[in-house]
Amino acid sequence: MKQPANSILSLLTRLSKTALMIMATLLLVALAGIFAVVWINRSNQISIEQNDRIDITPTQIRTIENIGEWEFLAVSDEEIVDTIRHGFFGDDQLVKIYYGTLRLGIDLHEARPGWMKSDGDTIIAMLPPVKLLNHDFIDEARSRAFYQEGKWSEDAREALYHKAYQAMKKRCLTPENVRNAQRNAAVQFENMLRSMGFRYVRIGFEAGEPAKQQKKG
């Protein structure tokens with residue numbers, strides 16, 4: 001009567017051994033697969049690098065150059081000038097008051113080739129020199145004779161005009177006013193570039209006479 005029970009116990013023992021062998025085999029296969037994946041990708045690396053370089057396009061540069069003349073400082077002035085003509089019977093005198101406004105700025109059409117470029121995350125702009133933008137700055141409609149004795153020719157009046165003209169240039173085109181115009185230019189130019197999306201900006205100015213504009217093809 002105990003023989004069937006022994007047979008069942010023996011069968012269960014063999015099944016348990018078989019299941020354990022299957023599980024061990026599957027575990028070995030899984031470990032082999034993991035090892036193979038690690039071995040294949042042993043030389044692969046994943047890295048994240050931040051690229052801070054920015055670029056300004058030729059189209060953007062041409063758009064800025066097309067602004068042309070850009071005024072950054074206006075200086076108003078009035079000059080009293082006179083001329084005296086000595087004569088045998090007495091002297092004649094002409095005194096006039098001249099008014100004018102001198103406008104200082106830059107002409108972006110005079111920018112040198114390569115005047116704007118990127119350096120890493122920074123835009124560098126080398127602007128043309130600050131100069132007098134308007135050469136006919138005397139307002140002749142406001143100018144008037146303050147004192148006049150005798151008759152004066154047109155040549156004499158023209159000479160008086162040029163005297164006032166030179167006096168205004170000497171009084172207004174000072175190094176201090178040029179520096180003020182440069183500071184205003186740097187602030188406004190930086191604000192413009194920042195509004196275009198450039199975060200870091202460096203502004204400079206060319207020294208001496210501005211370069212002649214080269215024709216673009």
Side-chain angles (χ1 to χ4, degrees), residues 51-79 81 96-143 154 157-217:
N51 184 6
D52 292 329
R53 181 171 180 81
I54 59 174
D55 291 303
I56 185 165
T57 66
T59 300
Q60 288 174 310
I61 294 175
R62 284 194 297 271
T63 300
I64 297 173
E65 289 176 347
N66 287 336
I67 295 174
E69 291 187 349
W70 194 344
E71 177 189 324
F72 296 108
L73 184 69
V75 184
S76 296
D77 186 29
E78 63 180 62
E79 296 289 340
V81 293
K96 290 193 69 173
I97 301 177
Y98 290 90
Y99 298 89
T101 301
L102 288 74
R103 306 184 186 280
L104 305 182
I106 62 175
D107 187 351
L108 288 168
H109 290 154
E110 297 173 344
R112 299 179 186 272
W115 68 280
M116 182 178 289
K117 60 184 178 181
S118 59
D119 182 12
D121 62 351
T122 303
I123 290 293
I124 301 174
M126 189 62 64
L127 303 180
V130 168
K131 68 173 187 175
L132 179 64
L133 296 179
N134 61 325
H135 292 279
D136 296 326
F137 49 79
I138 290 182
D139 186 355
E140 295 190 67
R142 294 181 59 198
S143 302
E154 287 300 321
R157 296 178 184 277
E158 186 71 16
L160 201 63
Y161 172 91
H162 285 291
K163 186 176 180 180
Y165 186 93
Q166 295 301 325
M168 286 187 182
K169 287 185 67 175
K170 184 177 181 180
R171 187 184 300 274
C172 300
L173 292 182
T174 62
E176 181 180 1
N177 283 338
V178 171
R179 287 192 295 269
N180 288 336
Q182 287 179 334
R183 283 193 288 267
N184 293 339
V187 170
Q188 294 188 40
F189 214 87
E190 181 176 347
N191 290 339
M192 180 188 67
L193 291 175
R194 287 181 182 275
S195 70
M196 294 171 62
F198 301 110
R199 184 176 180 184
Y200 301 106
V201 178
R202 192 160 72 240
I203 307 296
F205 293 87
E206 294 285 355
E209 294 295 326
K212 293 182 179 180
Q213 175 70 4
Q214 295 183 358
K215 293 183 179 180
K216 295 180 174 62

Search all heavy atoms of [X] against all heavy atoms of [Y] and return the closest pair with its distance.
X      : Y      : answer
Val130 : Ala181 : CG1-CB, 3.8 Å
Ile106 : Phe72  : CG1-CE1, 3.6 Å
Ala186 : Phe205 : N-CZ, 4.3 Å
Cys172 : Leu102 : CB-CD2, 3.8 Å
Arg171 : Asp77  : CD-OD1, 3.3 Å
Glu190 : Val201 : CG-CB, 4.0 Å

Is [X] atom [atom1] crowded by more than 12 heavy atoms from other residues, nucleotides or ligands, each under 6.0 Å away?
X      : atom1 : value
Arg202 : CZ    : no
Arg194 : CZ    : yes
Asp136 : CG    : no

Tyr99 side-chain N/O to Ala141 backbone N/O, donor-acceptor pair under 3.5 Å: no
Donor-acceptor contact present, side-chain Asn177 to main-chain Leu173, <3.5 Å: no
At what distance, to the nearest 0.5 angstrom, does [atom1] of [X] lie from [atom2] of [Y]?
X     : Y      : atom1 : atom2 : answer
Asn66 : His109 : CG    : NE2   : 5.5 Å
Asp55 : Ser118 : CG    : OG    : 4.5 Å
Lys96 : Tyr161 : NZ    : OH    : 10.5 Å

Does [X] reach the side chain of [Y], with side-chain heavy atoms less than 4.5 Å apart?
X      : Y      : value
Leu160 : Tyr98  : yes
Met196 : Ile123 : no
Asp107 : Lys131 : yes
Glu110 : Glu206 : no
Phe189 : Leu108 : yes

From CA spacing to verdict: side chain to side chain contact (heavy atoms under 4.5 Å, CB included), Asn184, Leu104: CA-CA 11 Å; Asn184 293 339; Leu104 305 182; over 6 Å; no
Side-chain H-bond candidate by donor/acceptor type, Glu65 with Trp115, under 3.5 Å: yes
Gln166 versus His162, side-chain donor and acceptor atoms under 3.5 Å: no
Partners passing side chain to side chain contact (heavy atoms under 4.5 Å, CB included) against Ala74 (at least two apart in sequence or in another chain): Glu71, Thr101, Arg103
Reference residue Tyr200; test side-chain contact (heavy atoms from CB on, under 4.5 Å); the match among Ile124, Asp119, Leu193, Thr122: Thr122
